[in-house]
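Let me begin by presenting the structure, written as structure tokens, before commenting on it.
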Amino acid sequence: MSIRLRLTAWYSGILAAVLIFWGVVIYAFVYFNTYNEVEQQLREKSLRITEQIGVNPLSQALDLDPFAESQLQEAQIYIQLVDYQTGSFKLSGNLEKAGITFPIVNIHNIRHEIGISKINVEGIPFLVNQQALSLQGTNEIRGLLQVGANVSSQERLLEALRNILILGWLVAMALAITSGLILARKSMRPLVNVIDAANQIQSGDDLSVRIQYNGPKDEIGRLIETVNNMLERTELSFRGLEETNAAQRRFVSDASHELRTPLTTIRGNVDFLKKLWDQEDAERPNLDEDTIKQMSLEAIEDMADEGKRMSRLISDMLSLARADTGQRIELNPIPLQILVQEVARRAQFLDRQADWRPGDLSILNGIYVNGSKDYLQQMLFIFIENAFKYTPEGSVTLDAVLYKGQVGLRISDTGIGMERDQVPFIFDRFYRADESRGATPGIGLGLSIAKWIIEEHNGSVEVVTRRGEGTTFIIWLPVVFAPPIE
């Protein structure tokens, strides 16, 4: 059974139970009040008659004198007096006129029949109060007083009330079921739209599908909003996954390209050495021993250089692989002045053609950063080596600035610089400007690793560059202030 039918069934069932309950309450209330008034009149009339006819407890003999005419003609009250000793009975005038008598109770069963009860006489409903009559001071039953009232009007009223309640219940249930189905269908329409959208996404590749809803911000409205947000996040995740897969394909392609060159060089040198030292090879060059040794040494040096290049490439790729797997760097308070001065001292021994000009680093005195000493040094060396690499002449400087709770490590060069449109891509893996590719050594992974290290230290990097005028990198890191170092 669908949710719509279940909702309608529950709604209709609860409404039916409520209507039945209140119908029973209303009918019972009307029934009680209708007959209660008649019963009260019958009791009062019975008491007055017993007092008038001089029976228990006022006399010793049962007096069957005629009733007062005023008593006999009162509205719809019928009286029948029975004398068990003589077998005679007396009727009120209206009862005689109607030509009917109340059933006489057997004297042996009279104790079980006394009280008010409803009887039918010739199809006419009566409510009769039956009272046993006995002489004063004795328990001997001498007669029976029956005071009844015609309750035809009350029965008609109750029957009409029953019909109204039953008909009203049927009409209400029909309207409830019909309106319930319509309202449930209208209420469930947004959910049907959710299902249709999900099926559309499942059957196709269009993740841009959204559920249109203009209703109130109720539970269904919030559900549709949540589903739309989920679809949006799914679309963004899928697009991110596609971009990641594309980046991985580019990464594998670039890595294959970068590895192919040293492998080709090594393989060529190995083949060359094999021919050079194979005495039985017909293609072996006819050279003297010193020349062969010199050429062999050059080939071995080439292979060693390519091996180092491959080692650096694999090391860089491992660092990026750690970054891709979500590996976090353990951060501890580091005195920044000592770390930067150590890097500045060691940087002067790097291969370079430009002048190395470290600036005044005393501003870093007493400043700590939460970081890793090894990774921060690796990051600084990447930027410094990169500056040396693209500065064939001129100078490279290193200094520091403080600004709003952050320390900026500034590395500037007067090298070849870059175009502004190249800046967004310099931190991509294997990216190198076309003009420098091949002319400048490198594999294009250093800045990607540096950016990962900066992000792991909750920092950022700022780039200022211009073609032919050099480049400046400013690495911003959050700082922890401590007492100055003595």
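These values consider heavy atoms only, across backbone and side chains, with no hydrogens, waters or symmetry-generated copies.
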| For Q422 and R467, what are the C-alpha separation, side-chain angles and deciding distance, and is it a side chain to side chain contact (heavy atoms under 4.5 Å, CB included)? | CA-CA 10 Å; Q422 294 176 337; R467 170 64 65 182; 3.6 Å; yes
| Hey, mind stepping through V38 and Q154 against side chain to side chain contact (heavy atoms under 4.5 Å, CB included) and telling me if it holds? | CA-CA 10 Å; V38 177; Q154 288 82 354; 3.6 Å; yes
| task | Would you sort out whether N332 and E330 count as a side chain to side chain contact (heavy atoms under 4.5 Å, CB included), showing the intermediate values? | result | CA-CA 7 Å; N332 296 297; E330 184 179 355; 3.9 Å; yes
| task | Please test I474 against T472 for side chain to side chain contact (heavy atoms under 4.5 Å, CB included), starting from the C-alpha separation and ending with a verdict. | result | CA-CA 7 Å; I474 305 177; T472 298; 4.1 Å; yes
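Listed by chain and number, the residues in a side-chain contact (heavy atoms from CB on, under 4.5 Å) with E225 are K217, N229 (sequence neighbours excluded). Applying the side-chain hydrogen bond (donor to acceptor under 3.5 Å, both in side chains) rule to N163 yields no partners; only residues at least two apart in sequence or on another chain are considered. Residues meeting the side-chain contact (heavy atoms from CB on, under 4.5 Å) test with K118, sequence neighbours left out: Y31, Y35, L127, E155. Scanning for salt bridge (Lys or Arg N to Asp or Glu O under 4.0 Å) contacts around E44 gives an empty result, with sequence neighbours left out. For D355, the salt bridge (Lys or Arg N to Asp or Glu O under 4.0 Å) test picks out R357, with sequence neighbours left out. Shown here are the side-chain hydrogen bond (donor to acceptor under 3.5 Å, both in side chains) partners of N228, two or more places apart in sequence or in another chain: there are none. In this structure, E232 has no salt bridge (Lys or Arg N to Asp or Glu O under 4.0 Å) partners at least two apart in sequence or on a different chain. With sequence neighbours excluded, the residues satisfying side-chain contact (heavy atoms from CB on, under 4.5 Å) with S117 are I119, Q130. Every residue two or more places apart in sequence or in another chain that forms a salt bridge (Lys or Arg N to Asp or Glu O under 4.0 Å) with R345 is listed here: E342.
In this structure, the side chains of W476 and V401 come closer than 4.5 Å at one or more pairs of heavy atoms. Side chains of Q378 and I382 form a contact here, defined as non-hydrogen atoms less than 4.5 Å apart. For the pair T471/F473, a side-chain contact is recorded, criterion being any heavy-atom separation below 4.5 Å from C-beta on. Inter-residue side-chain proximity for L165 and W169 is flagged as unmet; no heavy-atom pair is nearer than 4.5 Å. I116 is not listed as a side-chain neighbour of V128, based on a closest heavy-atom distance of 4.5 Å or more. Considering only heavy atoms from C-beta on, N150 comes within 4.5 Å of F126 through its side chain. With a 4.5 Å cut-off on side-chain heavy atoms, L157 and T34 count as touching.
In terms of heavy atoms, I411 sits closest to A387 at CG2-CB, 4.4 Å. Closest approach of S152 to I124, counting heavy atoms only: OG-CG2, 3.9 Å. Pairing each heavy atom of L376 with each of G371, the nearest pair is CD1-CA, 4.4 Å. The two residues L350 and F381 have their closest heavy-atom pair at CD1-CD2, 4.1 Å. When all heavy atoms of V343 and Q377 are compared, the closest pair comes out as CG2-CG, 3.7 Å. Counting all heavy atoms, side chain and backbone alike, L273 lies closest to M303 at CD1-CE, 3.5 Å.
More than 12 heavy-atom neighbours from other residues, nucleotides or ligands sit within 6.0 angstrom of CD on Q348. Heavy-atom neighbours of D351 CG from other residues, nucleotides or ligands within 6.0 Å: at or below the threshold of 12.
Listed by first and then second residue, the salt bridge (charged side-chain N to carboxylate O under 4.0 Å, His left out) pairs involving residues 396-415 are D399-R410 (not counting sequence neighbours). The side-chain hydrogen bond (donor to acceptor under 3.5 Å, both in side chains) pairs that include a residue from residues 15-30 are Y27-R162, where partners are two or more places apart or lie in different chains.
Checked against the 6.0 Å centroid threshold, F427 and W452 do not count as a close aromatic pair.
Judged by distance alone, the side chain of T414 and the main-chain N or O of S395 form a donor-acceptor pair under 3.5 Å. A donor-acceptor contact shorter than 3.5 Å links the side chain of N33 to the backbone of F29. T465 contributes a side-chain N or O that, together with a main-chain N or O of M418, makes up a donor-acceptor pair within less than 3.5 Å. Side-chain N or O atoms of H457 include one that pairs as donor or acceptor with a backbone N or O of S372 at under 3.5 Å.
Results of the ring-ring contact (aromatic ring centres under 6.0 Å, His included) test with F388 over F349, W356, F383 single out W356 as the only residue that passes. Among N370, V369, V480, the single residue meeting the side chain to side chain contact (heavy atoms under 4.5 Å, CB included) criterion with P333 is N370.
Once rounded to the nearest 0.5 Å, the distance linking CD of E469 with CD1 of I416 reads 13.5 Å. Note that the CZ atom of R156 and the CG atom of L161 stand 15.0 Å from one another [nearest 0.5 Å]. From I453, atom CD1 reaches atom OG of S448 across 11.0 Å, with rounding to the nearest 0.5 Å. Taking CD1 of I266 as the reference point, atom CG of D302 lies at 10.0 Å (rounded to 0.5 Å). Between the CG atom of L364 and the CG atom of L336 there is a distance of 5.0 Å, given to the nearest 0.5 Å. Taking CD1 from I454 and CG from L477, the interatomic distance works out to 7.0 Å, rounded to the nearest 0.5 Å.
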Which side-chain N or O atoms in residues 173-181 pair as donor and acceptor under 3.5 Å with protein atoms at least two apart or in another chain?
| from | atom 1 | to | atom 2 | distance (Å) |
| --- | --- | --- | --- | --- |
| T178 | OG1 | A174 | O | 2.9 |
| S179 | OG | L175 | O | 2.6 |
| S179 | OG | A176 | O | 3.3 |

